[in-house]
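Structure first, then comments.
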4 protein chains.
Amino acid sequence: MTKRLPEDPAKKARMLTAAIQLFAEQGYEPTHVDQIAQQAAVSKGLVFKYFTNKEQLYLAALTAANQQFMTVIDRTVWQNSADLSAMIINATRYKIQLQLQFPAEFNLLMTAFVHQQQLPASSQAYVQKMFVANHDLTSELMTPVVALLQFKPGATAADLLEVIGYITNGYIHKIQRYLAAHPEITKIEQMEPLIQDLATKLKLVESGFIQG
Amino acid sequence: MTKRLPEDPAKKARMLTAAIQLFAEQGYEPTHVDQIAQQAAVSKGLVFKYFTNKEQLYLAALTAANQQFMTVIDRTVWQNSADLSAMIINATRYKIQLQLQFPAEFNLLMTAFVHQQQLPASSQAYVQKMFVANHDLTSELMTPVVALLQFKPGATAADLLEVIGYITNGYIHKIQRYLAAHPEITKIEQMEPLIQDLATKLKLVESGFIQG
Amino acid sequence: MTKRLPEDPAKKARMLTAAIQLFAEQGYEPTHVDQIAQQAAVSKGLVFKYFTNKEQLYLAALTAANQQFMTVIDRTVWQNSADLSAMIINATRYKIQLQLQFPAEFNLLMTAFVHQQQLPASSQAYVQKMFVANHDLTSELMTPVVALLQFKPGATAADLLEVIGYITNGYIHKIQRYLAAHPEITKIEQMEPLIQDLATKLKLVESGFIQG
Amino acid sequence: MTKRLPEDPAKKARMLTAAIQLFAEQGYEPTHVDQIAQQAAVSKGLVFKYFTNKEQLYLAALTAANQQFMTVIDRTVWQNSADLSAMIINATRYKIQLQLQFPAEFNLLMTAFVHQQQLPASSQAYVQKMFVANHDLTSELMTPVVALLQFKPGATAADLLEVIGYITNGYIHKIQRYLAAHPEITKIEQMEPLIQDLATKLKLVESGFIQG
DNA sequence: AATGAATGAGCGTTCATTCAT
DNA sequence: AATGAATGAACGCTCATTCAT
């Protein structure tokens, strides 16, 4: 309803791109608005006109990064999988692909949780909500696949999802560290060994590590 | 009566306590030396006399928090366990106890990794080393127990340790969030349901979630 | 109306003027950037934007003061002189004129040597070079005149130049002290007695004080 | 009349020695009371008890350095000279000896004039007076010798004394720079060439540089 | 008398934010 | 709308001075 200010979308996009990259690389405090403006090839004043203050800019960067993934995401990756392990492998492979494609956005979201405490309370709630939504989406996509499984007595779908969540989360961090240490990697194929390793582990979680 | 010492241990302790708490709550950059001095009820000058500069103070806080746990830690918790799950449960219960007893120290160490990039390079190396040492200690304590297990074909002790690492790590964060949201909890007994839940999950990882 | 320039020359000039005056009056350490900003009627931040730090500001003040004289200096004063005494008198009269015209600049340069040891090493080199250049210029201007003189046995042009250097140097200080004590003096004519006195002395040095 | 506080003369002397050396080496501002106390092997508190504040300490150091020379000075050096040049040479040689013997004191007095402006007005007056007294002493010692000279028409004893003052002053600075650059020099004999050079110049001033 | 731990005003410097153009 | 010069609060840190012991 409220008439939006006429904003140049190209400039706004450049600012967000710069913000995403620099906040992801350096964190919240060490990134200066000056830097972002310069990298976006706009004036500092315009950054404040479009985003009010540094905190809002950070939040906008976070939202944009999240949107990036939400827009691009291909749900069929989750849906067209034979079984749970295959699904997770597909999903992980897909995430790595996204990470290779949008490294700055990916990094920003990964570090966002951590920087929450450095932001005013109001922002923290927003970040929180975003992550909950992400988590819910993943659950939603996984639930139908898990529902088909035949669980042992005492085991539940929720338990398995939670455990898988911890493992994949840990693995994503491992991969991120690996990619950061090996910037020459640009193709998903080069990550295949790690993906297969994760597959093995997930299979073992399904069927059990221990003889008996 | 009390002889004035070159370094008053009471004051130094107050400064470290304040530093641990504030760095843990707010992170490195947003915490100001003034704040720490005020909370420790000493002058700003004294903080610099005792710790040279803000970076060293952070490092000292980190070291003190780490020492706290290293000193107090009871290795028998790991060693006197019937099986792997029992061991991890004992360890987790023990960690929760420490977290309840030294919440600020615990939080500081948990966030230290994350703040690494915001610290000068020299500090990063120190933090890194500390965490490697911690990880090595855990591995050392766990290895003998895992060695006794009978693994299924294709499963290895290393795989299991890695997976367990991800799960317990995720669980520790879950518990930390839970405790932060429920400050009324002061006794380990109140956390018993969560611990039992973790136990169930670990058992399932050992034996498998899926029928057949 | 006035276009806002990246560096407002009026402001920069005000800062330099203030810096020259205050550094000259008080020396390097006792002069505070706050003071300079206030006297120049700009914010402290702007001083740093224009001059990076206090040391560079001092150097800029020094350079500006030096430039002032280099630009204004009229070499014909040295060149169109009948003999050595006349030349030195002309030069001295000219220096007094400059001192009356740019007292702060003059004072700053006079005290610069002395403050060298209180400046960071990098600045010392610069100051040193500036003074050597000044000395070289004076020598260059004087050499042709001295070369025409008929020296007594045992006397050399170099000796005479050195002695004259000590005397004029001492005299310049004397005049500077005199002007500082008599701020009502604004015209070179009022200094004529001192100049004539110096002329007499230089003549005596040429021909000798002592009978026989 | 007023009962003096019981002061330990040995400690006071150590403080003054340290103050003289450090103020001479580093100047007023860059020298810290901490440093002086440490070098004097007394507590910082005692320095303030004995000298009230840093400024008074500086003044005391100056006075002590001056006293050092006043006490030690051998007036016969001036008095037992055949003629003016001999007298000045003797005096200069003597000053160099003092400079070698009490380098810190000598340096402090040489730089005092310059640091005057960095001290509060009250101190400046004191320093001023000290230098005037020194000058008067030199004049008093020289006057009888100069009085014996047979001056050319237009030349006066006062003129000659002034000119000689400038030259010797310039020369003392030259020697001081030379000694600072050649710390291996410890004996007056090593300075003899410079002294002879000065002698030559003074003779030339007496009799004139120029033929005819 | 003597100490040196403790203080805090004040320094140089940074950077988010404002505003004249 | 867009700029970037200008601001000033706030930071980390120093050091003359004080005062409990």
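Below, chains carry the letters A, B, ... as their sequence lines are ordered, and counting in each starts from 1.
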Nearest-angstrom distance from the residue atom [atom1] of [X] to [atom2] of [N]:
X: Leu46(C); N: dA6(F); atom1: CG; atom2: P; answer: 5 Å
X: Arg14(D); N: dT3(E); atom1: CZ; atom2: P; answer: 9 Å
X: Asp34(D); N: dT14(F); atom1: CG; atom2: P; answer: 12 Å
X: Met15(B); N: dA6(E); atom1: CE; atom2: P; answer: 7 Å
X: Ile36(A); N: dC15(E); atom1: CD1; atom2: C1'; answer: 13 Å
X: Phe48(C); N: dC11(E); atom1: CZ; atom2: P; answer: 12 Å
X: Gln35(A); N: dG4(F); atom1: CD; atom2: C1'; answer: 17 Å
X: Leu57(C); N: dG12(E); atom1: CG; atom2: P; answer: 10 Å

My understanding is that a pair needs two contacts under 3.5 Å, Watson-Crick or G-U wobble. By that rule, which nucleotide pairs with dT21(E)?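 dT21(E) is paired, partner dA2(F).
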Which nucleotide, if any, forms a Watson-Crick or G-U wobble pair with dT14(E), using both distances under 3.5 Å? dA9(F)
side-chain N/O [X] vs [N] OP1/OP2, d < 4.0 Å:
X: Lys54(C); N: dG12(E); value: yes
X: Ser43(D); N: dG4(E); value: no
X: Lys11(C); N: dA6(F); value: yes
X: His32(A); N: dT14(E); value: no
X: Tyr50(A); N: dA2(F); value: yes

Which nucleotide sits closest to the side chain of Lys49(C): dC13(F), dT3(F), dA6(F)?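 Out of dC13(F), dT3(F), dA6(F), the nucleotide with an atom closest to Lys49(C)'s side chain is dA6(F).
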Inspect the surroundings of CD in Gln38(B) and state if more than 12 heavy atoms from other residues, nucleotides or ligands are less than 6.0 Å away.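 No, not enclosed.
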Validation row: Met130(D), Leu109(D) side chains within 4.5 angstrom (heavy atoms): yes
Below 3.5 Å, does any donor atom in the side chain of Lys44(A) face an acceptor in the base of dT17(E), or the other way round?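 Checked by distance alone, the answer is yes.
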Nearest-nucleotide 5' precedence on DNA chain F, Val33(B) against Tyr28(D):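 Of the two residues, Val33(B) wins.
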Under the side chain to side chain contact (heavy atoms under 4.5 Å, CB included) rule, what do Ile20(A) and Asn107(A) come out as? Steps first, then yes or no, please. CA-CA 9 Å; Ile20(A) 287 166; Asn107(A) 268 290; over 6 Å; no
Give a yes-or-no answer on whether the side chains of Thr31(A) and Tyr58(A) include a donor-acceptor pair shorter than 3.5 Å. no
Tell me, with the steps shown, if Asp8(A) and Tyr50(A) meet side chain to side chain contact (heavy atoms under 4.5 Å, CB included). CA-CA 10 Å; Asp8(A) 183 332; Tyr50(A) 279 40; 3.7 Å; yes
Quick one: label Thr52(D) by what it contacts on the DNA or RNA (base, sugar-phosphate, nothing), any heavy atom closer than 4.0 Å. nothing
